[in-house]
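Computed from heavy atoms alone, side chains included, the values below leave out hydrogens, waters and symmetry copies.
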Protein chains: 2
Amino acid sequence: MTPTISGTMPPRTIEWVGDLGGCAKLIDQTKLPGELTFLEIQDAPSMFEAILHLSVRGAPAIGIAGAMGAVLGVRDFSGECDAFLAKLDEVCDYLASSRPTAVNLQWGLDRMRRVARASGGDVSALKATLLAEADLIRDEDEAMCRAIGEHGEYLIGDGCGVLTHCNAGSLATSWFGTALAPMYVAHKKGRKFKVYADETRPLLQGSRLTAWELGQAGIDVTILCDNMAASLMKSGRVDLVITGADRIAANGDAANKIGTYGVALLAAAHGIPMYVAAPSSTFDLSLGDGDEIPIEERSADEIRRGFGLLTAPADAECYSPAFDITPAGLIRGLITERGVVEAPTHEKIAALLG
Amino acid sequence: MTPTISGTMPPRTIEWVGDLGGCAKLIDQTKLPGELTFLEIQDAPSMFEAILHLSVRGAPAIGIAGAMGAVLGVRDFSGECDAFLAKLDEVCDYLASSRPTAVNLQWGLDRMRRVARASGGDVSALKATLLAEADLIRDEDEAMCRAIGEHGEYLIGDGCGVLTHCNAGSLATSWFGTALAPMYVAHKKGRKFKVYADETRPLLQGSRLTAWELGQAGIDVTILCDNMAASLMKSGRVDLVITGADRIAANGDAANKIGTYGVALLAAAHGIPMYVAAPSSTFDLSLGDGDEIPIEERSADEIRRGFGLLTAPADAECYSPAFDITPAGLIRGLITERGVVEAPTHEKIAALLG
């Protein structure tokens, strides 16, 4: 993977540079939006730190980081195959403990363990296989994001105003993102449009990350506080809403960052179509509808002390769900790497995934 | 005015303590929500600073602060009546320049000038008249707020969940507030209910001020980020919304802090009644509807650097209106000191104010 940076895209979030003696190079997201710095990660403990301290975040990006961390953890190993596989397990267990609840991290590491066990050859060949697999995980993610962008870009014509919430962007994936992918593809095709990025309290992924990465690509982006979206829609500047999703039930109900459901209601009230962009792996057909999706409650201090400052009484009660559920009836279409499902229903989703 | 603090109320926001040799005592709102400290203001320059640096804020409270500042500026004057009135003009011009766009500040100062000119007596009598007038301005404000509370308290029954936005509270007035007045009155009557306070980006008046003052009174209050209101309403915990208003047009369209319109739409989508509480002086019958209400655009840095930290690209475009307009059709009732106007129309409002 050549580390080129296109003038119409933000830099790649994470990639492997060079051969087995190279390194994992990733954007240090803890420095955004102030400065763009890259970490060149040479060993597993450094990758552990990068994941733990959120230098890399977003489910797909963390999965890739884990896989590359596994390569880093075993590349200097010398010994027999059995000992190599035991070492790989140890490294994977170690990396998985950096963010124990990140499903994609576990998924990426499990894939590395499986491919090592399934492949023949000596330790040197195993190392090469693992590096190729980590690269493949990255390339598959990018291809999936690009496909979401290709399927969704028709929505964004010249002069269009698009509102998004949180960061379902390039920074959460290898490149292109999910909700932002149609915007990058439309931008590459030369279309002129405006993006409105909700700042997305409490963690401000919209103002810190979405506005930054779209700006890097030269896309016209404007930040607003979450409570300004209704006023903006009323003014006629929003033609379309696109958000990501964390989990989609069999009937099309979609869990996403807190505030998405409110944006969907406001869009409906103003006759603005709302689309949700996500890979097909986001669908969980074991869940009949959104009521079955568990909602994590976040720490009150993200609201009370979100910026290092005390912005509320120190012991104030807070309501702080991490996600909300947008019912399928408010979603005009689901944009996936397999195509767009308009007016999603149980049957259409089953057909897409079938 | 006795500086008592009731166990079921926050402390008074501003009051005069003692006789003409006394002082203006006010809550230093720049220290909230971290600590409760009072400023005892002894001269006009200190009041100028208190207004300038937002130790006192909120239109009614600033009007009272200006009037008390005028007393402080002339109480040590010795000389003839004409020179006294000239000195009063000078002090009033000076205080008015602390926040030139604050209509209520100008209003309070003009009232002080008028009463001095209209009253007879020597300089000593004039000083007493001015102190009495400043006290009267404060007492009238409190009576008006209490009346709003008395008219609106029937809405808040036991077990009720009330959501509010921004701070139309005691801290913005002499005491009791406007949107919060029905809550204080219901609380004094022993009713048990829960208040949900939107934090209200960008300046966080909800988390910094509303949550603080309700907590001081022993009212059960929970803070949420603005984008969590839809999820909270969906959960069934909100029975009622009450907000303040900055300006109300002849047809009942109401301008209030940015985000109020969004809350009104979300309430409508969940079948939750929305009330707007404001004194009758908030109505501007020269404006046919909300489209005629001018909307101030705030500095982008309130969004980009709102917490002292850079939380967005430093040069990012921002959309930051200070207010939005809630159309009368979304307002179940207007709560004023003269009574409640249900389902407001031009005719009902004219009858109320007539």
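In terms of non-hydrogen atom pairs under 4.5 Å with chain A, the most contact-rich of G34(B), A316(B), S320(B) is S320(B). Contact count against chain B (heavy-atom pairs under 4.5 Å) is highest for T222(A) among T222(A), D220(A), L224(A), D324(A). When each of V221(A), I223(A), L266(A) is checked for heavy-atom pairs under 4.5 Å with chain B, I223(A) comes out on top. Ranked by heavy-atom pairs under 4.5 Å with chain B, the list L232(A), D315(A), V263(A) is led by L232(A). Of the listed residues (Y196(B), Y261(B), F323(B)), the one with the most heavy-atom contacts under 4.5 Å to chain A is Y261(B).
When side chains are defined from C-beta on, L310(B) does not count as touching R208(A), because their heavy atoms never get closer than 4.5 Å. Looking at heavy atoms from C-beta onward, I325(A) lies out of side-chain contact with S231(B) at the 4.5 angstrom threshold. Using a 4.5 Å heavy-atom cutoff, the side chains of R304(A) and P33(B) are not in contact.
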Just do the side chain to side chain contact (heavy atoms under 4.5 Å, CB included) check on D226(B) and M228(A) with the steps written out, would you?
-> CA-CA 10 Å; D226(B) 300 292; M228(A) 297 166 183; over 6 Å; no
Candidate pair I303(B) and C225(A), rule side chain to side chain contact (heavy atoms under 4.5 Å, CB included), full reasoning = CA-CA 7 Å; I303(B) 296 181; C225(A) 296; 3.6 Å; yes
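Put simply, CZ on R201(A) and CZ on R201(B) are 7.0 Å apart, with the number rounded to the nearest 0.5 Å.
Although no hydrogens or angles enter the test, the distance criterion places a donor-acceptor pair under 3.5 Å between the side chain of S207(A) and the main chain of T311(B).
Annotation for E302(B): atom CD counts as buried by contact number, over 12 foreign heavy atoms lying within 6.0 Å.
Minimum heavy-atom separation, H165(A) to N227(B): CE1-ND2, 4.0 Å.
Scanning residues 236-259 of chain A against chain B with a 4.5 Å non-hydrogen threshold yields R237(A), I258(A), G259(A), sorted by number.
Proximity to chain B (any heavy atom under 4.5 Å) is restricted, for A269(A), to the side chain, taken from C-beta onward.
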